[in-house]
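Residue numbering restarts at 1 for every chain, and letters A, B, ... go by the order of the sequence lines.
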Protein chains: 2
Amino acid sequence: MSINMSEKNEIIKALIPLEEKHKTNLTVDCVIFGYDQGDLKVLTIECDMDPFLGMYSLIGDFVKETETTNQAAKRILKFCTGNDDIFLEEVQSFSEINRHPYGRVITIAYYSLVQIGKTKMTDNAGKHLQWTSVNNIKEMAFDHKQILDLCLFSLRRSLRDSPIGFELLPKKFSLKQLQTLYEVVLDIELDKRNFRRKLRTMDILIDVDELQQEVSHRPAKLYKFNVKYYESKKYNGFKFDL
Amino acid sequence: MSINMSEKNEIIKALIPLEEKHKTNLTVDCVIFGYDQGDLKVLTIECDMDPFLGMYSLIGDFVKETETTNQAAKRILKFCTGNDDIFLEEVQSFSEINRHPYGRVITIAYYSLVQIGKTKMTDNAGKHLQWTSVNNIKEMAFDHKQILDLCLFSLRRSLRDSPIGFELLPKKFSLKQLQTLYEVVLDIELDKRNFRRKLRTMDILIDVDELQQEVSHRPAKLYKFNVKYYESKKYNGFKFDL
DNA sequence: GCAAAAGTGTTTTACTTACACCCATGT
DNA sequence: ACATGGGTGTAAGTAAAACACTTTTGC
């Protein structure tokens, strides 16, 4: 006696207890942003799934029974970049019925910010990871372009009202680097003197008393973000705002 | 031949195809805010599940195979309030392993804003729905207090930078009503004249040329929110900000 | 000494805050 | 006429925007 696939599925469904009936496939997808030489990048892989073969895809995985969605996202980040302790923020779920060719898959989108220099890219599992300029991505597999766009929107919003830009820069950076980051990601122009004054009055940078190396012009002073000071101030009515 | 429950579960698990292995129970939970006489309220039911019996609970349900999470939330809202077309916003997922006594259940939290006067409370399915003052809720079933707190945080943020306060008021309202709403929800004091000037310069209210009825003092003028005008302006660099 | 980017203050303008009295209605 | 909340403008202070030249380094 043999049964076909859809008969088998029917039998399985009948066996599954009531409280299992509503179960759904749940994944997380990570928009991993990096910043390099005036260019906002996102970590992509080539999609190996049928109607989207070869297209850019985000990095995601199923949420396991023993982990939270946050832990799933952190696991993916660790896998892709080699780092724990990465800035991570949940953005939104995506649950259109036919968003995935395999069947119903609901995903929760996260974005994270990494310093490209600190990531050891593990070209693992045969999948080729690469940093792709956000501006060069016109389409992606599944609904991943939509996910990317929303995460970018969310990043832009957060960039203005919390000090997360530093997550994309090396620990020590020049004021010019910081300003360019803001200009590139937000797609705006900033006045050098006003930008610097604002940072000065916010008082969240530490002058590390070092200079840029190997530039063919006057080297800039380097600073680092004063995390502790900011953390202590932010619960005392202080508002980051750039 | 008879088999016990855990044996049965093992058999079922073995039958389930690979891509089903990661399936999880997914629900949505709705924080339905209403505003009444200077008091922010939330729609609650009594929990009928064991360790939380009798405690306040949010309203939620499983996400069905044929609906998006948004549609699930809208279905719940329709069921509870009788209305479609309700302001609805996804906030965050909650996925702690043991957040639910039945087993692994991941939920996506939504908050929505309704005009209490417009809701026909359907005390359906034997569950008693009631409006409870947010300030009176010290604990809730499951992790629902945490969900409520986060939704309230999210509401407060949105209240300042988008014109959603109107969703909680009747179509026609006085400036005082609007100001009190802001004061109550944000827990701040506002200056009457400055508040009014700000609204005047934003130019998003229409004077409906009616007066308050049945008050034992000088009746206030009534206004309505100029949705169309706001929608046309917001893509032209205009920024709501209160 | 010249190219290239770093660094630095002042003035104007717009926005925010603080504040007190008269007005319209019901009783 | 009085109690109650509705309605209005101005002045001072603070934050944002606009703007140009000097300094340091490598070549």
Next item on the list: Can you tell me the distance, in whole Å, between the CE atom of B:Met202 and the C1' atom of C:dT16?
Entry: 14 Å

Next item on the list: For A:Leu199 and C:dG7, give me the distance from atom CG to atom P, rounded to whole Å.
Entry: 13 Å

Next item on the list: With sequence neighbours left out, write down each residue that passes side chain to side chain donor-acceptor pair (under 3.5 Å) with A:Lys176, or none if nothing qualifies.
Entry: none

Check: What pairs meet the side-chain hydrogen bond (donor to acceptor under 3.5 Å, both in side chains) rule with one or both residues in residues 209-219 of chain B, with sequence neighbours excluded?
Finding: B:Lys172-B:Glu210

Next item on the list: Give me the bend of the helix from C:dG1-D:dC27 to C:dT27-D:dA1, using the axes of the five pairs at each end, rounded to 10°.
Entry: 0°

Item checked: Segment of DNA chain D, first to last nucleotide, that comes within the 4.0 Å heavy-atom reach of chain B -> D:dT4 to D:dT10

Next item on the list: Summarise how protein sits on nucleotides 19-27 of chain C as a single string, 5' to 3': B when a protein heavy atom is under 4.0 Å from the base, S for sugar-phosphate-only contact, - for no contact.
Entry: BB--BBBS-

Check: Who are the ring-ring contact (aromatic ring centres under 6.0 Å, His included) partners of B:Phe142, not counting sequence neighbours?
Finding: B:Phe52, B:His100, B:His144

Check: To the nearest 0.5 Å, how far apart are CD1 in B:Ile137 and CG in B:Leu148?
Finding: 5.5 Å

Item checked: Distance in angstrom units between B:Phe195 CZ and C:dA18 P, rounded -> 16 Å

Notebook entry, point to check: Sequence neighbours excluded, which residues qualify as side chain to side chain donor-acceptor pair (under 3.5 Å) partners of A:Glu46?
Noted result: none

Note to self: Run the salt bridge (charged side-chain N to carboxylate O under 4.0 Å, His left out) test against A:Asp48 and tell me which residues pass, sequence neighbours left out.
What the structure shows: none

Note to self: List the residues meeting ring-ring contact (aromatic ring centres under 6.0 Å, His included) with A:Phe173, not counting sequence neighbours, and say none if there are none.
What the structure shows: A:Phe166

Checklist line | Contacts of B:Phe94 that satisfy ring-ring contact (aromatic ring centres under 6.0 Å, His included) - sequence neighbours left out | finding: none

Note to self: Can you give me the closest heavy-atom contact between B:Val63 and B:Thr27, atom names plus distance?
What the structure shows: CG2-C, 4.0 Å

Next item on the list: List for me each residue that meets side chain to side chain donor-acceptor pair (under 3.5 Å) alongside B:Asp39, sequence neighbours excluded, and say none if there are none.
Entry: B:Ser133

Margin query: Going by side chain to side chain donor-acceptor pair (under 3.5 Å), name the residues that satisfy it together with A:Lys118, two or more places apart in sequence or in a different chain.
Written below: none

Check: Rounded to whole angstrom units, what separation is found between the CD atom of A:Gln212 and the P atom of C:dA4?
Finding: 16 Å

Checklist line | Rounded distance (Å) that lies between atom P of C:dT8 and atom NZ of A:Lys176 | finding: 15 Å

